[in-house]
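Here is the structure we will look at, set down as structure tokens.
For the numbers below, each heavy atom of this structure counts, side chains included, while hydrogens, waters and symmetry mates do not.
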Amino acid sequence: MKTLLKTFLFFCTLSVSAGLAVANPQTAGPARVGLISETTQIVPGQTFYLALNFEMEPHWHIYWKNPGASGLPVEIKWELPEGFVAGSIQWPAPEQIELGGLINYGYEDAVTLMVPIQAPEALTPNRNLFFKAEAFWLICKEVCLPGDANLTLELTVGDESIRSREASLFDDARAHFPGANPPWRISTVVENKALVFSIEQAGEQSLPDELYFYAEEEGVVDPSAEQVFSFTGDKSADLIVPLALEQLNQSLESFAGILQSANESWQVEGTVGLETGGSSAPLIVTMDASKGFEGFLLRVGLSGWLLLAFIGGLILNLMPCVLPVLSLKVFSLLKHSGQSRSQALLHGTAYTIGVVASFLILAGVLIGLRSLGQQIGWGFQLQSPAFVAILTVLIFLFALNLMGVFEMGMGLVGSDASVSKRRDTLGSLGMGVLAAVVGAPCIGPFLAPVSGIALQADAMICLLIFGFMGLGLASPFLLLSVFPKLAAYLPKPGAWMESLKQFMGFLLMATAVFLTYVAGTLGGTDAIVGLLSGLLIAAVAAWIYGRWSVPVKSRRTQRIAQAISLILLLSALYYAASEVKHAHQQGTTSASLTKDDDGWAPWSIESVETALASGQPVFVDFTASWCLICQVNKKVALRTEATKSLFEEYGILRLKADWTSYDSDITKELERFGRSGVPLYVLYAPEGKATVLPQNLTNGKIREAVENTLN
């Protein structure tokens, strides 16, 4: 409706003012507007400021970017010389303006709306350049009138920036900008159809006697409803901000706006449910969880979370963390392609139960540990040296099995068919467990926000969300078991399957190599040697089993071979787990980070605060050696020469928060950003604003985040 009104008013005004000469400044009804510059000369390569300066007759007002209950914000269309780039309007803090019982947000008397202009490097000295601005606004008192002006300003290219006579207007505008950080600790929740700010005194500055919140976006809060500010203690207070009608049917996940007292104002942005204020930590978090498909699902509520969890689990089949295990599942489908519908359904159900049950068990353990006060995040199992060692040995044995070193189930030849089916079903169940255990730590881009939500919800909702993740991971194979006719599109079984099986064994060997690398980051060279020794013992066990536990050997020989293989396998598991764990405890880790690691230094809360206090921006890489997405991003984006040059150009301090081993401080920081695991990439501006980057990085995405945050 406002778009139609804006278009109608524009064309009406255009028809009236088309015959007017272009002048600077111009008078349009009760407003006088001019295009002004802070400097008289343009310095090549530097940013300078132009502005629309409004002077209005008494009690007339124009509007802020969120006009409130009615109105339209000021808009500017620029026509600039070649190579110049205009930024967005920098809005001073607004005021509340009552009109006909409605509360609007805007400016009375006078206001200067600044816009940064970036000049190109190559400019001809002493050249005169023309800057044109077509402005549209709505000005109101008891009635509203549209305003329109075409303004032109001529500036000269020079060697130095010289302040103009109008520079004081820019100084006054900056004095009315909201501050970067409120001096208190602030958290937000949605209760009883209202956004509630809980405010606690965090330093010397006491709480104000009144406070008001201006939302940046229309339709989030009700501007005409009364906001109630009340003290809940000597150093604490609540601000209750009623939500708009259109917001009540949605789930508010994030907010942005201005908190204003009688004398000051502060910019605030953040995520509902997380702390967004306090003088001892970065305060402002920009997380765009309210837009796009993901934001739509999150606003739906629990049903949206479950759908997002299912989709994320489905996509997890293609993630690099799961891709090696995917080979086992594909081969299983080919092996069972000729079975009856009931057999196929049995295997698909067993595999699904294995995946879903594993997700539920992992989530249950995580919930239990957190209820005991442990700071544990998703993927905690791969932070255990012993678990990594045991998982590596098991995957190594799977690989040897696929390569033909030994065969499982050969002793069942000629046995009752039902027993054979039961063993195959247990194999499908175990395959589901393996897929979940290996894939769960690297949950992928779609699952990062919803897993963070799950771990902040109550236990039943958390288990339900993680159960749907597992169901999404298992769904392709469950679908094939429910509709076995789809298996007709798979290749027909044949001799080629043996070659494929052996090739898949090499894929699992690659997984074992990667897990050995993870063990090395946990315990250094000693851990790698201990794990490789365990793998050697396991290989001997597999060789003995495959050579002597076969039907052509006597029953006595088979039993002796099986007993020796079992003893060696248990010895391999125990030795590998104990050696890796001991190496980790001794602290002989190759993962300890130094400042010589290509310019990346170890992360700590103190290092972030120190850098920001000195005016230096900070980029933090929350990562782990067992997270394959993290390693891919490191190779293709984070450790490239282009990104290194970008960080050096902007003077950004690079910090690495390594979550490979257990670290409660990193876990708390992940939770502060609504995450339960890695990767997480955060860029802090010196004023404390923190921008969260996407989980799948490119050099372009990093550059865009840096330029938008720091320019």
Side-chain angles (χ1 to χ4, degrees), residues 297 302-364 378 395 398 402 418 420-447 450-451 454 460-493 497 500-501 504 507-508:
L297 290 174
L302 180 59
S303 59
W305 302 345
L306 297 180
L307 180 56
L308 186 59
F310 181 87
I311 294 174
L314 179 63
I315 293 177
L316 193 57
N317 283 282
L318 303 178
M319 299 304 291
C321 340
V322 184
L323 198 56
V325 184
L326 187 62
S327 60
L328 282 178
K329 297 183 281 185
V330 171
F331 183 75
S332 176
L333 286 175
L334 294 173
K335 185 175 65 174
H336 297 143
S337 60
Q339 294 181 347
S340 66
R341 179 186 179 90
S342 60
Q343 289 175 324
L345 183 60
L346 184 62
H347 288 293
T349 303
Y351 174 78
T352 302
I353 290 175
V355 173
V356 174
S358 298
F359 267 83
L360 292 177
I361 291 173
L362 287 172
W378 192 249
I395 287 182
F398 270 108
L402 290 178
S418 63
S420 177
K421 294 174 189 175
R422 178 176 61 83
R423 290 292 295 258
D424 283 345
T425 303
L426 289 177
S428 297
L429 180 70
M431 199 180 304
V433 173
L434 182 64
V437 170
V438 175
C442 210
I443 55 179
F446 274 88
L447 294 182
V450 76
S451 63
M460 290 305 298
I461 292 179
C462 177
L463 291 173
L464 188 62
I465 290 175
F466 281 110
F468 267 75
M469 289 184 193
L471 189 61
L473 175 59
S475 59
F477 306 93
L478 180 62
L479 182 66
L480 284 170
S481 66
V482 174
F483 301 101
K485 290 184 178 181
L486 295 176
Y489 295 97
L490 296 174
K492 300 298 181 183
M497 290 180 59
L500 177 63
K501 183 179 74 169
M504 291 175 176
L507 293 181
L508 287 183

Have a look at Phe359 and tell me which of Leu463, Ile465, Leu473 forms a side chain to side chain contact (heavy atoms under 4.5 Å, CB included) with it.
Leu473
To the nearest 0.5 Å, what is the distance between OG on Ser358 and CD1 on Ile353?
11.0 Å
Taken to the nearest 0.5 Å, the spacing of Leu314 CG from Met469 CE works out to 13.5 Å
Side chain to side chain contact (heavy atoms under 4.5 Å, CB included) filter on Thr352, not counting sequence neighbours, yields Val356, Leu471, Ala474, Leu478
Restricting to non-hydrogen atoms, name the atom on Pro476 and the atom on Gly472 that form the minimum distance, rounded to 0.1 Å.
CD-O, 3.8 Å
